[in-house]
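Chain letters run A, B, ... following the sequence lines, proteins first, then strands; residues in each count from 1. Keep in mind that what you see is a predicted model, and the values were worked out from it rather than measured.
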2 protein chains.
Amino acid sequence: MSLPYAILTALLEKPSSGLELTRRFDKSIGYFWSATHQQIYRELGKLEAEGFIRTLPSQQPARGQKKSYEVLPAGRAELARWTGTSQDPRPHRDTLLLRMRAAAVVGTEGIEADLRRHLDLHQRQLAEYEEIDKRDFPPGKDSSQDRLRHLVLRAGIDLETFWIQWLTHALEEFETV
Amino acid sequence: MSLPYAILTALLEKPSSGLELTRRFDKSIGYFWSATHQQIYRELGKLEAEGFIRTLPSQQPARGQKKSYEVLPAGRAELARWTGTSQDPRPHRDTLLLRMRAAAVVGTEGIEADLRRHLDLHQRQLAEYEEIDKRDFPPGKDSSQDRLRHLVLRAGIDLETFWIQWLTHALEEFETV
DNA sequence: CCTCCTTGTGCAACTAGTTGCATAAAGCCG
DNA sequence: CGGCTTTATGCAACTAGTTGCACAAGGAGG
């Protein structure tokens, strides 16, 4: 699966401890590959056992003691291999669309309020992305690294924009019934 | 989770056997809630045990013997309850965006071909949706049922359109490096 | 200095989803 | 009528992801 590769990418961007990774997942990589701290700790253990990462020296492993990891050459190679390997898109699951379809059969009772709530959530997310856009990608920056990362952010922005439009349209539909 | 509700919706639209449901999932509900035949058979068993569905009469249960199900009033009520219940959007995972982010760190070797392949897949999917659009939603049809189902289809069409645009843009980016 | 809160790591048990395979009936075809 | 394919149902074992909780260290404050 993809989680180990998400972690390798995050660690290459910056060596971190489990908790730091968890926090960074919550506001960056996690936008398109979320993970709980549990998954992350477990995966860090596996990656270390496989020789893809190691704990930074000068740190004895103990509970409640911060333990930072960095990527080893074998880990970078494995990530590069995976990145270049063709993969099918994973099946796509969306509860809200499913509920709309159900609502067509059993009635729309109660769903409108939740559409509004989702609209609000997407608007917040969009605002967050635009914040990042302004902060991390000012006009001058366009190394090829930056351009790729910016492309990913654009996908996020455009997806949120799509949802906002769709939800707005759906809510209009409800008003005219 | 949502699978049982996807199945209830499909069965309300039309009573079916396990295999028929599997096929219908592959070309309708499955566009936003996919499931394997395995999941479906297991879930049908559970739904029957809970008294939400039953096998159509005049059918003895035997291997290799078709067994059709229909939704009972309790099942419809449960689906209506679920549909009207507020739910958080589930975390969103996308391998391709993750790979782009990884590519920013370890290089883009090999990813371009796969972007083209994905572009092709999305174009086919869009064509399929537009086919359904033409076939199932001619201008006259707009009962409130139809309008909701059409709204869901529009989401599919617009999402595919988004991906096609994004991938096209990404590939242009690659050419100018 | 002892309790409480925060930071950090981790185990165990669960739910959801996937993959591989078995089995049975029924139709097709020489 | 005997093997071959298709239709149909299902078990078992696996991988991925979630939830609930435990526990240790260190700092803050009465």
For the pair made of [atom1] in [X] and [atom2] in [N], what is the distance, rounded to whole Å?
X: A:Tyr69; N: C:dG8; atom1: OH; atom2: C1'; answer: 12 Å
X: B:Glu48; N: D:dT9; atom1: CD; atom2: C1'; answer: 13 Å
X: A:Leu21; N: C:dG10; atom1: CG; atom2: C1'; answer: 15 Å
X: A:Lys67; N: D:dA25; atom1: NZ; atom2: P; answer: 14 Å

Taking only Lys NZ, Arg NE, NH1 and NH2, and the carboxylate oxygens of Asp or Glu, determine whether B:Asp136 and B:Arg149 approach each other closer than 4.0 Å.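 No, no charged N to carboxylate O under 4.0 Å.
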
Under 4.0 Å between a Lys/Arg side-chain N and an Asp/Glu carboxylate O for B:Glu13 and A:Arg101?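 Result for this pair is yes, salt bridge flagged.
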
Both B:Glu20 and A:Met1 contact DNA chain D. Which one's nearest nucleotide lies toward the 5' end?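 Taking each residue's closest nucleotide, the earlier one in sequence belongs to B:Glu20.
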
Could you pull out all residues at least two apart from A:Glu78 that satisfy salt bridge (Lys or Arg N to Asp or Glu O under 4.0 Å)?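 Residues passing salt bridge (Lys or Arg N to Asp or Glu O under 4.0 Å) with A:Glu78: A:Arg81.
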
Sequence neighbours left out, what passes salt bridge (Lys or Arg N to Asp or Glu O under 4.0 Å) with A:Arg154? Give chain and number order.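 Partners of A:Arg154 under the salt bridge (Lys or Arg N to Asp or Glu O under 4.0 Å) test: A:Asp158.
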
Could you tell me which residues satisfy side-chain hydrogen bond (donor to acceptor under 3.5 Å, both in side chains) with B:Thr95, sequence neighbours excluded, listed by chain and number?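 Not a single residue meets the side-chain hydrogen bond (donor to acceptor under 3.5 Å, both in side chains) criterion with B:Thr95.
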
Axis bend over the full length of the helix from C:dC1-D:dG30 to C:dG30-D:dC1, computed from five pairs that close each end, to 10 degrees: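 Inter-axis angle at the termini of the helix from C:dC1-D:dG30 to C:dG30-D:dC1: 0°.
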
Enumerate donor-acceptor pairs with a distance under 3.5 Å from any side-chain N or O in residues 106-113 of chain A to protein atoms, sequence neighbours excluded.
| from | atom 1 | to | atom 2 | distance (Å) |
| --- | --- | --- | --- | --- |
| A:Glu112 | OE2 | A:Arg116 | NH2 | 2.6 |

Kindly state which residues belonging to residues 26-44 of chain A come within less than 4.0 angstrom of DNA chain D, counting heavy atoms of the residue only, listed by number.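 By residue number: A:Trp33, A:Thr36, A:Gln38, A:Gln39, A:Arg42.
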
What are the residues of residues 87-96 of chain B, sorted by number, that bring a heavy atom to within less than 4.0 Å of DNA chain D?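 Within residues 87-96 of chain B, the residues near DNA chain D are B:Pro91, B:Arg93.
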
Who clusters with B:Leu121? Use side-chain heavy atoms, under 4.5 angstrom, across I, L, V, M, F, W and Y, and order the result by chain and number.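 Listed partners: none, B:Leu121 stands alone.
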
Who are the side chain to side chain contact (heavy atoms under 4.5 Å, CB included) partners of B:Ala102, not counting sequence neighbours?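 Only A:Thr9, A:Leu79, A:Thr83 meet the side chain to side chain contact (heavy atoms under 4.5 Å, CB included) criterion with B:Ala102.
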
Mind checking what makes side chain to side chain contact (heavy atoms under 4.5 Å, CB included) contact with B:Glu130, not counting sequence neighbours?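 Applying side chain to side chain contact (heavy atoms under 4.5 Å, CB included) to B:Glu130 gives B:Leu126, B:Ile157.
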
Tell me which pairs pass ring-ring contact (aromatic ring centres under 6.0 Å, His included) where either residue lies in residues 91-124 of chain A, with sequence neighbours left out.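 For residues 91-124 of chain A, and leaving out neighbouring residues, the ring-ring contact (aromatic ring centres under 6.0 Å, His included) pairs sorted by first residue read A:His122-A:Trp163.
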
Please list all pairs meeting ring-ring contact (aromatic ring centres under 6.0 Å, His included) that have one or both residues in residues 123-160 of chain A, counting only residues at least two apart or in different chains.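 Every pair satisfying ring-ring contact (aromatic ring centres under 6.0 Å, His included) with a residue in residues 123-160 of chain A: A:Tyr31-A:Tyr129, A:Phe137-A:His150.
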
Tell me which nucleotide among C:dG8, C:dG17, D:dG10 gets nearest to the side chain of B:Leu3.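 From the listed options, C:dG17 comes nearest.
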
